[in-house]
Amino acid sequence: MEFDKEKFKNILMTRLRQQYGKDIAIATRHDIYDAVASACMNTVVDKWIATRRTYEKEPGMRRVCYFSAEFLMGRSLGNNLINLEIKEAVEDILKGFHLNLNVIEDTEPEPGLGNGGLGRLAACFLDSLATLDYPARGYGIRYEYGMFEQRIENGFQVEYPDRWLTHRDPWEIKRSDLAVTVHFGGKIVYRKTPDGQERFNLEDTEAVTATPFDIPVVGYGTDTVGMLRLWEASSPDGFNLQLFNDMQYTRAVEKQISAENISRVLYPNDSGPSGKALRLKQQYFFSSASLQDLVHGFVSEYGTDFSRFSDCNVIQLNDTHPVVAIPELMRILVDEYRVSWDMAWSIVVKTFAYTNHTILAEALEKWPIDIFQGLLPRIYQIVEEINRRFLIELREKYPGDYQKHNAMSIIADGMVHMARLAIHSCFSVNGVAELHTELLKTRELKDWAELYPKKFNNKTNGITQRRWLLSANPLLADFITKRIGPGWIKDLTKLKELEKYLDDEASLRELLEIKQENKRRLTEYLKVTQNEFLDPDSIFDVQVKRLHEYKRQLLNILHIMYLYNKLIADPSYNPYPRTFIFGAKSASGYRRAKAIIKLINTVAEHVNNDRRVRGKLRVVFIENYRVSVAEKIFPAADVSEQISTAGKEASGTSNMKFMVNGAITLGTLDGANIEIVQEAGVENEFIFGLKTDEILKIQTENSYHPQEYFSKNPELAKVVEQLVDGTYDPSRQLFKELYDSLVFGVEGQRPDVYYILADFNAYCEAHEKIEAEYNDRIHWAKMMLKNIANSGKFSSDRTIEEYVRDIWKLKKVPVTVKQKTDE
Ligand SMILES: *Cc1c(COP(=O)(O)O)cnc(C)c1O
């Protein structure tokens with residue numbers, strides 16, 4: 001369909017008049033953003049309606065429903081303009097009004113409805129699904145407050161609420177007509193029908209209304225527009241006028257507030273347990289609402305013959321957060337539609353598939369029985385029945401092996417184990433990188449892989465090149481398109497063709513110049529936003545990701561302290577100037593992670609104010625790391641720090657974003673780093689450190705004694721002592737706990753559980769190698785191009801095609817918008 005500039009302009013003006021009572025001369029930036037987004041939405045809705053119509057006409061269509069507690073979508077305007085292929089046209093229109101599209105884009109509030117990798121993966125998947133014309137829906141929660149805003153005050157992380165909904169969101173459409181009710185608590189009422197069938201009903205429940213908000217997901221270069229459906233909680237009988245008239249104002253809105261709290265806030269917990277009952281409430285809330293939505297849709301099309309349900313729907317569970325959907329589907333089928341248990345179970349086991357995201361044992365979700373049963377009495381009863389039947393199977397298969405029965409029982413030790421429920425009930429269980437899946441099968445979930453070998457499979461994560469290259473790095477995107485055409489935008493493996501430029505010096509120099517320009521842009525951005533002054537001629541060495549001990553930001557900052565000591569000790573030492581860039585949020589209750597943030601900022605302040613190292617070393621902590629900032633960082637990075645303890649990072653996806661943007665990986669053989677090395681060649685990355693099996697060996701032999709590294713390496717000993725000797729902190733208390741955890745071990749833990757001291761030397765050597773190789777600019781540019789050219793595997797398009805082939809079994813359903821004759 002031809003883009004109609006005049007019409008776009010008209011919608012924009014009308015919107016400004018009707019929503020804000022203004023013309024373009026007096027409109028604020030936000031008004032203009034909202035009006036541009038609304039005009040853009042008009043085009044989107046044409047495609048959206050066409051998509052819905054096409055799907056309605058498609059007999060027996062199968063779709064995937066991606067259930068996720070997090071969708072870290074980032075901003076929409078820029079991405080939607082690109083995917084609609086109207087960005088330049090809209091840029092021109094705005095230029096006509098002396099407006100800069102980039103500035104308008106930057107006023108969009110950012111929906112940060114996710115913590116990190118898991119939520120961002122969900123967002124990349126939706127982009128790929130729409131682009132590849134697969135029928136799909138994302139289902140989640142419309143949190144009123146997303147990821148907190150992080151400010152650094154005095155070097156400490158301070159959290160502020162993220163009020164992303166202060167203004168209306170022009171991308172969402174409220175669908176009150178599709179609201180459903182979700183029930184919590186209550187009593188189970190049992191009866192037998194005259195013909196002897198059992199019936200269970202819940203009475204005296206807390207009823208909560210779930211109202212969906214639909215957000216379009218615009219595919220690139222296609223008319224398909226997918227959908228993200230997010231549920232908002234409210235009370236059906238919220239406001240009590242009686243109480244209000246009795247002047248009991250707080251009690252009058254109590255129910256309302258209690259219900260609304262369910263979708264109030266995203267838990268800022270990246271992984272690891274959270275004992276919050278409200279969190280379980282959130283999980284059941286969106287799982288139940290989404291299933292009711294799917295079942296209503298199915299019944300209105302096919303009636304109550306549920307034998308076809310799993311032909312039409314496959315549900316992918318993004319980690320264990322939505323696993324309570326499994327017993328909920330049993331409840332809906334058995335209690336509400338009177339399907340027999342066996343029939344219902346046969347449907348459930350064909351419908352659900354589960355993605356595991358972590359090997360950290362402490363992060364496997366489990367709920368105390370009393371909380372679970374109190375909140376969801378009927379669901380608990382169903383889980384008990386699923387488990388009772390499962391245990392019969394287990395006892396038959398492993399007679400007398402009580403240890404195993406207990407280790408696999410869904411209910412055990414006073415807890416409901418969500419991962420066990422998922423693995424038993426789902427037809428597919430996948431890890432997110434080759435190493436991760438292998439470790440699940442041979443270690444963490446070994447018993448399960450032996451019981452259900454066919455369920456386990458790997459789906460290495462990916463990222464969408466539309467956001468992370470085409471949109472985030474326009475200079476590099478043009479460089480690529482000029483040489484190999486635009487095919488890579490929909491097929492990233494085409495980047496391989498860039499290898500023919502590996503010996504073309506002009507191209508290599510251009511590549512370096514693009515990196516340089518992106519570094520200048522990041523420098524400018526940090527000057528304006530944080531009053532930080534970087535040197536774009538230095539090496540930009542970047543570690544951005546959630547702050548977690550296993551990700552080892554501590555290793556990075558300890559090396560910086562070491563380098564600083566070396567520069568001070570020897571003023572004639574003149575290495576290539578380096579800028580170390582960090583960005584990371586810590587979970588609000590994660591004390592050690594917060595201490596590491598404070599340490600990074602303390603060292604940064606100290607180093608950056610020391611004239612002796614000026615021009616040689618600089619440390620920067622970027623505040624409030626999030627998708628929009630990430631889009632500015634990846635294009636400007638020279639070195640990508642991926643330094644987790646081997647065996648701990650399930651996949652990582654920022655490693656992939658760095659790679660497509662031409663940064664070289666400094667990493668351990670962990671997660672998808674291993675596959676990055678396989679694709680680009682080990683000579684084009686900087687790999688260091690203990691490997692998974694070496695760590696396992698040390699662990700099983702109990703032979704790790706970190707103190708040995710101090711006697712072998714006095715520089716390391718000095719750096720660790722500096723945590724507590726007053727060099728950085730006169731009180732000597734701030735980093736004491738960090739120090740103790742490294743040297744002695746605290747709270748019954750062994751010292752240095754993440755093997756920072758063991759890997760320190762290898763890490764320093766890798767940095768020296770980087771410094772040497774960076775000097776040879778053409779050599780470095782070749783490594784960059786090698787990485788870019790071989791990043792094709794890491795497109796989420798490839799990941800999605802694998803899910804489709806092995807798990808979802810979807811068919812593409814292309815959509816075409818007819819030329820409209822309306823208005
Ligand atoms: C990609 C991304 C992540 C994931 O980073 P990892 O290094 O893979 O943990 C986290 N946060 C944001 C904003 C991202 O874009």
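As the structure is a prediction and not an experimental result, all values here were calculated from the model. Side-chain atoms are counted along with the backbone in the values below, which use heavy atoms only and exclude waters and symmetry mates. Whatever order the structure lists ligands and atoms in, that order sets their numbers, starting from 1.
For the pair Asp541 and Arg618, the salt-bridge criterion is not met [side-chain N within less than 4.0 Å of a carboxylate O].
By the 6.0 Å and 45° rule, Lys632 stacks over the aromatic ring of Tyr525. Figure legend: cation-pi geometry between Lys585 and Phe148, with NZ or CZ positioned under 6.0 Å from the six-membered ring centre and within 45° of its axis.
Ring orientation note: the planes of His548 and Tyr550 are tilted relative to one another, at an angle of 30° to 60°. Ring pair His167/His30 is parallel by interplanar angle, where below 30° counts as parallel and above 60° as perpendicular. Below 30°, between 30° and 60°, or above 60°: for Tyr763 and Phe688 the angle between ring planes is between 30° and 60°, a tilted geometry.
Within 4.0 Å of ligand 1, heavy atoms belong to protein residues Gly116, Gly117, Trp468, Val544, Lys545, Lys551, Tyr625, Arg626, Val627, Gly652, Thr653, Ser654, Lys657.
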